[in-house]
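A short write-up of the structure that comes next.
Chain letters run A, B, ... following the sequence lines, proteins first, then strands; residues in each count from 1. Atoms considered below: every heavy atom in the structure, side chains included; atoms not considered: hydrogens, waters and symmetry mates.
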Protein chains: 2
Amino acid sequence: MSDLLERLRGRGWRMTAQRRVVAEVLDGDHIHLTADEVHARAVAKLPEISRATVYNTLGEMVSLGEVVEVSTDRRAKRYDPNAHRPHQHLVCAQCGTIRDVHPTGNPLTDLPDSERFGFTISDVEVTYRGTCPNCASA
Amino acid sequence: MSDLLERLRGRGWRMTAQRRVVAEVLDGDHIHLTADEVHARAVAKLPEISRATVYNTLGEMVSLGEVVEVSTDRRAKRYDPNAHRPHQHLVCAQCGTIRDVHPTGNPLTDLPDSERFGFTISDVEVTYRGTCPNCASA
DNA sequence: ATCCTACAATGGACTTTGTCTAAGTCAAGT
DNA sequence: ACTTGACTTAGACAAAGTCCATTGTAGGAT
Ligand SMILES: [Mn+2]
Ligand SMILES: [Mn+2]
Ligand SMILES: [Zn+2]
Ligand SMILES: [Zn+2]
């Protein structure tokens with residue numbers, strides 16, 4: 001049973017077959033699927049699920065804070081069920097593989113006052129790019 | 001005269017009216033325009049310039065390393081003529097204003113070996129988000 | 001000054017990613 | 001079982017970007 005599904009159920013969410021399969025598809029570590037990838041996998045379990053429902057459901061999960069939107073490339077947004085622990089991403093520039101990473105320290109302290117232009121900063125997003133071992137050996 | 005234009009001319013680029021206006025539009029500090037914004041401003045100087053040419057020209061400038069693509073939001077890519085000095089970005093979550101910032105230190109050192117999954121890391125991208133002074137006072 | 005041609009520009013069709021709506025369906029409380 | 005508001009659906013629509021066949025031209029050659 002999906003951990004994500006448990007958390008959603010506890011919020012008085014109306015449970016439908018569609019929402020169940022979307023939650024199931026998102027279960028796991030280092031999961032960062034696009035909406036259409038989620039749809040393709042959901043269709044395998046529930047053939048009549050529509051694209052609009054997948055977009056709606058993902059959007060609601062994001063609003064509830066149970067899923068995070070990630071934009072590591074400039075293409076489609078990706079949906080990350082690992083929302084309970086803040087983390088950053090490491091992306092292979094060749095194959096697109098994405099890993100969750102946890103840098104030490106706080107990147108905020110690296111931005112001096114003179115570089116803040118009077119902004120109140122609330123969030124920092126870090127994306128590391130490189131080549132994964134698989135692509136390096138090929 | 002645009003600094004960017006000077007650099008491009010020195011690379012044996014065939015100079016056309018279209019390329020000139022695109023380079024002129026990109027001149028300045030803290031410039032991060034979308035392709036369509038570049039097109040709109042270019043049309044003001046050269047009414048018959050096409051959208052495809054703007055996309056082509058921006059793409060070539062990126063290939064030459066004279067312009068950097070920036071994706072601070074999940075909408076359109078933005079084009080940044082400040083390519084000669086590496087920097088990061090500070091974005092206002094309300095109005096979208098983008099400032100170039102230069103954090104101290106190297107964010108790479110914050111990622112321990114145990115969090116690198118065997119990747120060879122070549123690049124780090126940092127985006128700070130917050131509220132600009134203008135939006136804060138409103 | 002004119003010619004030539006490889007490179008550049010154009011407009012429109014097409015693709016991808018995502019949003020919206022009107023109509024139909026269903027989960028869950030009574 | 002009934003009711004009802006919430007959920008789902010298909011398809012139209014939109015924004016951002018790519019691709020291509022055709023037309024135009026910058027800049028070197030004559
Ligand atoms: Mn993640
Ligand atoms: Mn910049
Ligand atoms: Zn790879
Ligand atoms: Zn602002």
Side-chain angles (χ1 to χ4, degrees), chain A residues 5 8-26 32-64 66-80 96 98, chain B residues 5 8-26 32-64 66-80 96 98:
Chain A
L5 197 53
L8 291 168
R9 198 194 298 281
R11 288 174 180 265
W13 237 35
R14 184 146 143 189
M15 195 45 58
T16 67
Q18 289 83 352
R19 288 173 170 189
R20 208 174 346 259
V21 299
V22 169
E24 281 170 12
V25 163
L26 286 179
H32 306 90
L33 299 169
T34 66
D36 276 337
E37 285 166 355
V38 171
H39 182 235
R41 295 182 189 207
V43 162
K45 294 169 179 259
L46 183 71
E48 67 273 26
I49 191 172
S50 75
R51 228 167 54 95
T53 293
V54 170
Y55 273 98
N56 288 342
T57 304
L58 291 171
E60 288 156 16
M61 288 172 172
V62 170
S63 293
L64 290 169
E66 298 292 352
V67 166
V68 178
E69 284 179 355
V70 175
S71 313
T72 50
D73 58 37
R74 284 82 184 179
R75 322 264 323 244
K77 282 183 268 194
R78 293 178 175 275
Y79 292 87
D80 185 345
I98 303 174
Chain B
L5 197 54
L8 291 167
R9 199 194 297 280
R11 289 173 180 266
W13 235 36
R14 184 192 273 196
M15 196 44 60
T16 68
Q18 290 85 348
R19 289 173 169 190
R20 207 174 347 259
V21 298
V22 170
E24 281 169 12
V25 163
L26 286 178
H32 306 91
L33 299 170
T34 67
D36 275 337
E37 285 166 355
V38 171
H39 181 235
R41 294 182 189 205
V43 162
K45 295 169 178 256
L46 184 69
E48 68 273 25
I49 191 171
S50 75
R51 227 168 54 94
T53 294
V54 170
Y55 273 99
N56 288 341
T57 304
L58 290 172
E60 287 155 17
M61 289 173 173
V62 170
S63 293
L64 290 169
E66 297 294 351
V67 166
V68 178
E69 284 180 355
V70 176
S71 312
T72 51
D73 58 36
R74 284 81 186 181
R75 322 266 321 242
K77 281 183 269 195
R78 293 179 174 276
Y79 293 88
D80 185 345
I98 303 175

Taking N or O atoms only and anything under 3.5 Å, show me the protein contacts with nucleotides 25-30 of chain D, one pair per line.
{"from": "D:dA26", "atom 1": "O3'", "to": "B:Met15", "atom 2": "O", "distance (Å)": "3.4"}
{"from": "D:dG27", "atom 1": "OP1", "to": "B:Met15", "atom 2": "N", "distance (Å)": "3.0"}

- request: Report the distance from atom CD of B:Glu37 to atom CZ of B:Arg78, rounding to the nearest 0.5 Å.
  value: 5.0 Å

- prompt: Okay, side chain of B:Arg19, backbone of B:Arg14: is any donor-acceptor separation there less than 3.5 Å?
  reply: yes

query: Looking only at heavy atoms, what is the nearest atom pair of B:Leu26 and B:Leu58, with distance?
result: CD1-CD2, 3.8 Å

- prompt: Given atom NZ of B:Lys77 and atom P of D:dA15, what is their separation to the nearest angstrom?
  reply: 18 Å

field: Residues from residues 48-59 of chain B lying under 4.0 Å of DNA chain C - heavy atoms
entry: B:Glu48, B:Ile49, B:Ser50, B:Ala52, B:Thr53, B:Asn56

task: Name the closest nucleotide to the B:Arg75 side chain, picking from D:dA16, C:dG18, C:dT16.
output: D:dA16

- request: Using atom CD of B:Glu60 as one end and atom C1' of C:dA9 as the other, report the distance to the nearest whole Å.
  value: 11 Å

task: Could you state the atom-to-atom distance from CZ of A:Arg74 to C1' of C:dT15 in whole Å?
output: 20 Å

query: Once you round it to whole Å, what is the distance between P of C:dA9 and CZ of B:Arg20?
result: 11 Å

- request: Can you establish whether the number of heavy atoms outside B:Arg75 located under 6.0 Å from its atom CZ is more than 12?
  value: no

field: Atom-pair distance (CG on B:Asp36; P on D:dA14), nearest Å
entry: 15 Å

- request: With axes from five pairs an end, tell me the bend angle of the helix from C:dA1-D:dT30 to C:dT30-D:dA1, nearest 10°.
  value: 20°

- prompt: How long is the gap from CH2 on A:Trp13 to CD on A:Glu60, to the nearest 0.5 Å?
  reply: 5.0 Å

query: Atom OG1 of A:Thr53 and atom CD of A:Glu48: how far apart are they, to the nearest 0.5 Å?
result: 10.5 Å

- request: Round to the nearest Å and state the distance from B:Glu37 atom CD to D:dA16 atom C1'.
  value: 13 Å

- prompt: To the nearest 0.5 Å, what is the distance between CD1 (B:Ile98) and CG (B:Asp73)?
  reply: 6.5 Å

For atom CD of A:Gln18 and atom C1' of C:dT25, their distance in whole Å: 10 Å

query: Between OH of A:Tyr55 and NZ of A:Lys77, what distance do you get to the nearest 0.5 Å?
result: 8.5 Å

- prompt: Looking at A:Ala42 and A:Val25, what are the two nearest heavy atoms and their distance?
  reply: N-CG2, 3.9 Å

message: Rounded to the nearest 0.5 Å, what separates atom CZ in A:Arg41 from atom CD in A:Glu24?
response: 13.5 Å

- request: Identify the heavy atoms of A:Arg51 and A:His39 that sit nearest to each other, and give their distance.
  value: N-NE2, 3.5 Å

